[in-house]
Amino acid sequence: MGLLGCEDLAAPNRTPRYLADLAGETFHWPPDRIPVRYFADTRGTMPALLRRGLSVWESQFLYGEFKGVFVADSNLADVIVRWQDSVPPDVPPDTAGALGACDGVTTYVIDSTHAMTDPIRVQLRVRLGFTTAQIAACMRRVATHELGHTLGILGHSPATTDLMYGTPATDTPTIRDRNTAQVLYHTPATITPPPPR
């Protein structure tokens, strides 16, 4: 008769990867806060962009370390995602997908105890001078990129081919993005999430 033992899952040793921290500070959602609650602006393609982006990131993890769900009330959300200004029309994306047709920003407030004080906020913005199809392609990339920040990849990749590069040219994580996310979720966090609402 044999005995099998289980231990805590060890951090995967993954290369290549890049640093997911910000000035030495790290963040990820702890197991007791999974699933992370997302509120999506209901106008335009935002719900579909977030559904796709969350699905893409969830599939990068080996053991289900990250999962997001939608909530209908922003007062119950851990992450709030809105359009910054205009709402782009729902059109098929341009397959060439011009870079710079849109942008996004993810913000959070950290207090002196290294705790986030409020929900993480994401804003997506249309930039002028591009076709609606170019904007649609850009939004797929940028929405998924900004969701990467909300799961804890606080900085940007130095590689232009990665989704988490400052101006992403892809709408799916590369192996470097995947490895970075996997290692992050097995690294002790120095920043705690906002309190549950």
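For this chain, numbers begin at 1 and follow the sequence in order. Please read all numbers here as calculations on a predicted model, not as lab measurements.
- When atom types are taken as modelled, the side chain of Glu65 and the backbone of Tyr63 share a donor-acceptor pair closer than 3.5 angstrom.
- Looking at Gln182, its side chain does come within 3.5 Å of a backbone N or O of Gln60 through a donor-acceptor pair.
- When all heavy atoms of Pro92 and Ala133 are compared, the pair lying nearest together is O-CB, 3.6 Å.
- Here the closest heavy-atom approach between residue Arg176 and residue Ser157 is recorded as NH2-OG, 3.5 Å.
- Asp78 has no carboxylate O lying under 4.0 Å from a charged side-chain N of Arg197, or vice versa, which leaves the two without a salt bridge.
- The environment of CZ in Phe130 is crowded: more than 12 heavy-atom neighbours from other residues, nucleotides or ligands sit within 6.0 Å.
- Between Ala189 and Thr26 the shortest heavy-atom distance is CA-OG1, 3.3 Å.
- Phe39 is not connected to Met116 by any chain of hydrophobic side-chain contacts under 4.5 Å among Ile, Leu, Val, Met, Phe, Trp and Tyr, and they are in different clusters.
- Side-chain contact check for Phe70 versus Arg51: some heavy-atom pair is nearer than 4.5 Å.
- Closest of all the heavy-atom pairs between Phe27 and Thr150 is CE2-O, 3.9 Å.
- Put simply, the side chain of Tyr38 does not reach to within 4.5 Å of the side chain of Val71, judged on heavy atoms.
- Pairing each heavy atom of Pro194 with each of Trp29, the nearest pair is CD-CH2, 3.8 Å.
- Within the 4.5 Å cutoff, side-chain heavy atoms of Ile153 are placed close to those of Leu184.
- Between the Thr187 side chain and the Val183 main chain, a donor and an acceptor come within less than 3.5 Å of each other.
- Trp83 is listed as a side-chain neighbour of Pro88, based on a closest heavy-atom distance under 4.5 Å.
- Interatomic distance, CZ of Arg127 versus SG of Cys102, reported as 9.0 Å (0.5 Å rounding).
- Proximity of Thr172 to Arg52: side-chain heavy atoms (C-beta onward) are separated by under 4.5 Å at one or more points.
- Remark: the Asn179 side chain and the Tyr18 side chain contain no N/O donor-acceptor pair separated by less than 3.5 Å.
- Contact check for Pro168 versus Met164: no side-chain heavy atoms found under the 4.5 Å cut-off.
- Separation of atoms CD (Glu25) and OG1 (Thr190) is listed at 3.5 Å; rounding is to 0.5 Å.
- To the nearest 0.5 Å, atoms CE (Met139) and CG (Asp90) are separated by 12.5 Å.
- Closest of all the heavy-atom pairs between Ala143 and Leu124 is CB-CD1, 3.9 Å.
- For an aromatic pair to be called close, the ring centres must be under 6.0 Å apart, and Tyr185 with Phe61 satisfies this.
- Taking hydrophobic clusters as Ile, Leu, Val, Met, Phe, Trp and Tyr residues chained together by side-chain heavy-atom distances below 4.5 Å, Met46 shares a cluster with Val122.
- Contact check for Thr192 versus Thr113: no side-chain heavy atoms found under the 4.5 Å cut-off.
- In this structure, Arg125 contributes its side chain and Asp85 its backbone to no donor-acceptor pair below 3.5 Å.
- In this structure, Trp57 contributes its side chain and Thr144 its backbone to a donor-acceptor pair below 3.5 Å.
- Residues Ile110 and Val36 are members of one and the same hydrophobic cluster, defined by side-chain heavy-atom contacts under 4.5 angstrom among Ile, Leu, Val, Met, Phe, Trp and Tyr.
- Looking only at distances, no side-chain donor or acceptor of Arg43 sits under 3.5 Å from a matching main-chain atom of Ser86.
- Checking side-chain atoms of Asp162 against main-chain N and O of Asp177 turns up no donor-acceptor pair under 3.5 Å.
- For Arg141 and Asp171, the salt-bridge test fails: no basic side-chain N is under 4.0 Å from an acidic carboxylate O.
- Under the 4.5 Å side-chain heavy-atom criterion for grouping Ile, Leu, Val, Met, Phe, Trp and Tyr, Val142 is not connected to Leu99 through any hydrophobic cluster.
- Between His156 and His145, the distance separating the two ring centers is shorter than 6.0 angstrom.
- By the rule that hydrophobic residues join a cluster once side-chain heavy atoms approach within less than 4.5 Å of another member, Val109 and Ile80 end up as members of separate clusters.
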### Task
Using the side-chain contact (heavy atoms from CB on, under 4.5 Å) rule, take Thr106 and Ile120 through it: C-alpha gap first, then chi angles, then the decisive distance, then the call.
CA-CA 7 Å; Thr106 298; Ile120 296 172; 3.6 Å; yes
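- The closest donor-acceptor contact from the side chain of Gln134 to the backbone of Asp94 lies at 3.5 Å or more, if one exists at all.
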### Audit row: Leu147, Leu54, side-chain contact (heavy atoms from CB on, under 4.5 Å) steps and yes/no
CA-CA 7 Å; Leu147 291 176; Leu54 287 174; 4.2 Å; yes
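- The closest side-chain heavy-atom distance from Thr117 to Tyr108 is not below 4.5 Å.
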